[in-house]
Amino acid sequence: MRTDRFIAAMLLVFAAASPALAQPALTLGSIPWPEAKQRLTPDAIVVIPLGAESKEHGPHLLLDNDRRLADWFTARVRESANVIIAPTIPYHFYPAFVDYSGSTTLRFDVARDVVIDIVRALARHGPRRFYVLNTGVSTMRPLAAAADILAEEGILMRFTDILTVGREAEASVRQQKEGTHADEMETSMMLYMDSSSVNMSRAVREYAPITGGTETSSRLSPVEVPGTRFSPSGVYGDATLATREKGRVVAEASVAGMLREIAALRASPVPAALRAIANAATGLTEPPPADSLKVVMLGTGTPNADPDRSGPAVALVRGGRSYLVDAGPGVVRRAALAARSVGSALQPPQLKLVFLTHLHSDHTSGLADLMLSPWVLERTAPLTIIGPPGTRRMVKHLMAAYADDRRVRIDGLEPANETGWKVIVKEVRAGVVYRDSQITVRAMRVPHGGWETALAYRFEANDRSVVVSGDTGPSEALANFCGGCKVLVHEVYSAEKFRTRPPEWQRYHSAFHTSAPQLGALAERAQVPLLVLYHQLYWGATDADLVREVIGAGYRGRVVSARDAAIY
Ligand SMILES: [Zn+2]
Ligand SMILES: [Zn+2]
């Protein structure tokens with residue numbers, strides 16, 4: 001009696017201290033949008049269950065085993081936490097099981113981006129804290145990648161580590177010597193949650209030895225493939241040891257762990273430095289209006305062979321025409337990729353004009369590609385190449401190097417046209433270097449270490465002016481050159497990680513390139529509303545770190561750290 005009154009009093013205190021608790025948990029799909037509008041507030045926590053609906057789990061469990069796990073956990077979380085439950089994601093990254101019929105997986109990038117898109121869409125209306133109720137192991141890597149990108153936008157996303165959330169409880173009941181899949185633990189949990197979906201008469205023990213002795217992937221395979229675990233049944237572990245009681249212990253401990261994680265998430269601040277860029281997408285942004293001058297990031301890389309970043313190349317696009325800046329490796333293929341969203345201006349026959357900032361190989365080793373590939377792909381117009389002194393010599397040598405290629409294509413059986421291989425070269429130093437009916441292009445010299453002439457370009461259309469820095473050390477003149485421009489695309493390196501570089505490299509970087517704080521100060525003086533970072537030298541820093549360094553130096557405009565194929 002006394003105890004009851006004590007609990008009732010505690011509940012009252014608790015409810016008074018946490019008015020949010022007055023609102024029960026709800027499932028998003030079960031309400032109309034005006035109610036969602038009321039509930040999707042900045043302090044709401046959104047839970048996104050993630051469980052494969054078709055993935056092998058041995059002969060004794062169903063393909064939708066993970067979906068059942070996710071549904072059960074979700075129902076329990078819904079009872080005890082004031083959260084908003086989003087629809088379950090039934091497909092994700094499960095590359096380890098594709099050799100078994102009925103198993104599905106998404107590619108890494110797709111799995112990552114599915115989560116990013118769902119979170120972004122919901123965050124747009126308020127929530128900043130998301131919890132992916134995750135039931136997979138291989139899903140954690142793309143989830144971590146998604147969390148990193150969302151963090152840059154001021155969104156805190158966490159997810160369940162299914163291997164650790166109930167680990168202590170698992171250690172207390174586990175008998176199998178090893179195993180992680182359709183094993184003693186997973187089968188026990190399913191016996192507890194939904195025994196009708198388990199056929200224990202078909203449960204097996206399969207310790208799935210590694211074919212060839214050394215594990216090179218976490219893949220299971222029903223046939224012997226070197227470096228993978230050989231499991232004819234699809235089980236890794238001993239499913240025959242499963243009991244409902246073991247499942248109860250582990251499942252209940254896991255629910256408790258998830259509720260603790262959700263409580264911790266609720267108490268965690270959204271990092272203040274990132275809040276400044278809330279909603280600033282660093283990846284696929286919506287393109288500006290169709291008729292305005294667009295900035296398309298073809299390649300944001302450096303000499304580093306980063307597979308996600310092509311060599312430096314930017315395209316300005318307007319009215320069906322393209323104006324390329326630099327020809328880093330991969331330029332023609334990245335243009336073809338961007339053509340999917342921008343249209344024919346970036347298809348090979350339309351790549352007819354390029355401005356080179358300087359002749360460093362990372363900016364020009366795609367030049368032969370730009371001279372020749374579009375011709376082979378039916379460009380009939382010559383390529384106009386505008387660049388610093390030395391451009392003509394480089395082009396002449398490239399022409400000589402490919403003389404045989406030209407001869408075989410033109411004189412041989414290939415129905416190649418006889419004009420698209422030609423080039424028009426114009427060497428420039430400063431001032432107006434190009435003009436047509438919709439755009440004027442100016443160049444200015446920037447300091448880039450030992451280069452006699454390195455150029456930045458300013459593209460002026462009647463609606464929008466854009467400056468592309470190329471490679472440059474910090475330049476006051478560039479801030480002036482950008483005066484009144486709407487977008488500054490600028491190279492950058494992390495000042496924080498610069499300190500970890502050897503002294504000889506520090507000497508080089510500070511003579512040739514611009515640190516994020518130097519750039520932040522410069523962009524603030526230029527009063528440019530949008531700063532796009534490219535040619536990023538990270539040395540272990542993240543995009544968010546670079547953005548933080550820029551903002552920390554006093555820049556008050558919008559700053560984004562570009563990825564390939566982004567459009568601004
Ligand atoms: Zn460079
Ligand atoms: Zn350079």
Side-chain angles (χ1 to χ4, degrees), residues 295-316 324-335 354-370 385-391 393-395 398 427-430 443-458 466-475 477-478 481 488-495 497-498 501 504-516 518-519 522 531-541 543 546 561-564 566:
V295 182
V296 184
M297 306 307 293
L298 300 182
T300 57
T302 61
N304 294 323
D306 182 339
D308 297 320
R309 292 178 183 272
S310 243
V314 179
L316 287 293
L324 268 51
V325 183
D326 283 336
V331 57
V332 175
R333 278 161 175 74
R334 278 295 201 255
V354 62
F355 298 83
L356 301 178
T357 60
H358 64 303
L359 301 180
H360 247 151
S361 55
D362 54 320
H363 297 249
T364 52
S365 57
L367 188 56
D369 187 23
L370 192 58
I385 303 170
I386 296 174
T391 301
R393 189 161 43 111
M394 178 178 271
V395 171
L398 288 172
E427 291 190 344
V428 299
R429 283 192 170 82
M444 73 159 271
R445 272 178 67 183
V446 291
H448 186 36
W451 285 96
E452 172 78 30
T453 310
L455 300 169
Y457 290 100
R458 177 178 172 123
V466 176
V467 167
V468 181
S469 72
D471 285 1
T472 178
S475 162
L478 185 68
F481 186 60
L488 173 59
V489 179
H490 203 292
E491 67 123 89
V492 73
Y493 68 81
S494 162
K497 299 290 177 181
F498 173 82
R501 302 285 290 161
E504 60 275 22
W505 276 108
Q506 288 193 353
R507 268 195 299 282
Y508 161 77
H509 294 306
S510 54
F512 279 72
H513 297 292
T514 305
S515 74
Q518 287 168 337
L519 178 56
L522 197 140
L531 173 62
V532 176
L533 310 181
Y534 89 132
H535 198 283
Q536 301 100 324
L537 285 165
Y538 296 95
W539 306 309
D543 288 307
L546 291 176
S561 188
R563 292 158 195 274
D564 286 14

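Every number for a ligand or one of its atoms is a count from 1 in the order of the listing. These numbers come from a predicted model, not from an experiment.
- For His535, the N/O/S atom at the shortest distance from the Zn ion (ligand 1) is named NE2.
- Around the Zn ion (ligand 2), the protein contributes the following N, O or S atoms under 2.8 Å, ordered by chain and number: His358 NE2, His360 ND1, His448 NE2, Asp471 OD2.
- Here Arg458 pairs with Glu460 under the salt bridge (Lys or Arg N to Asp or Glu O under 4.0 Å) rule; sequence neighbours left out.
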Audit row: Leu356, His363, side-chain contact (heavy atoms from CB on, under 4.5 Å) steps and yes/no: CA-CA 8 Å; Leu356 301 178; His363 297 249; over 6 Å; no

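- Ring-plane geometry between Trp539 and Tyr493 is classed as tilted, the angle between the planes lying from 30 to 60 degrees on a 0 to 90 degree scale.
- Taking the side-chain contact (heavy atoms from CB on, under 4.5 Å) definition, one finds that Ala511 meets it with nothing, sequence neighbours left out.
- Remark: Thr300 pairs with Met297, Arg309, Tyr534, Gln536, Ala562, Asp564 by the side-chain contact (heavy atoms from CB on, under 4.5 Å) rule, at least two apart or across chains.
- Considering Asp362, Thr472, Asp326 in turn, Asp362 is the only one that fulfils the side-chain hydrogen bond (donor to acceptor under 3.5 Å, both in side chains) rule with His535.
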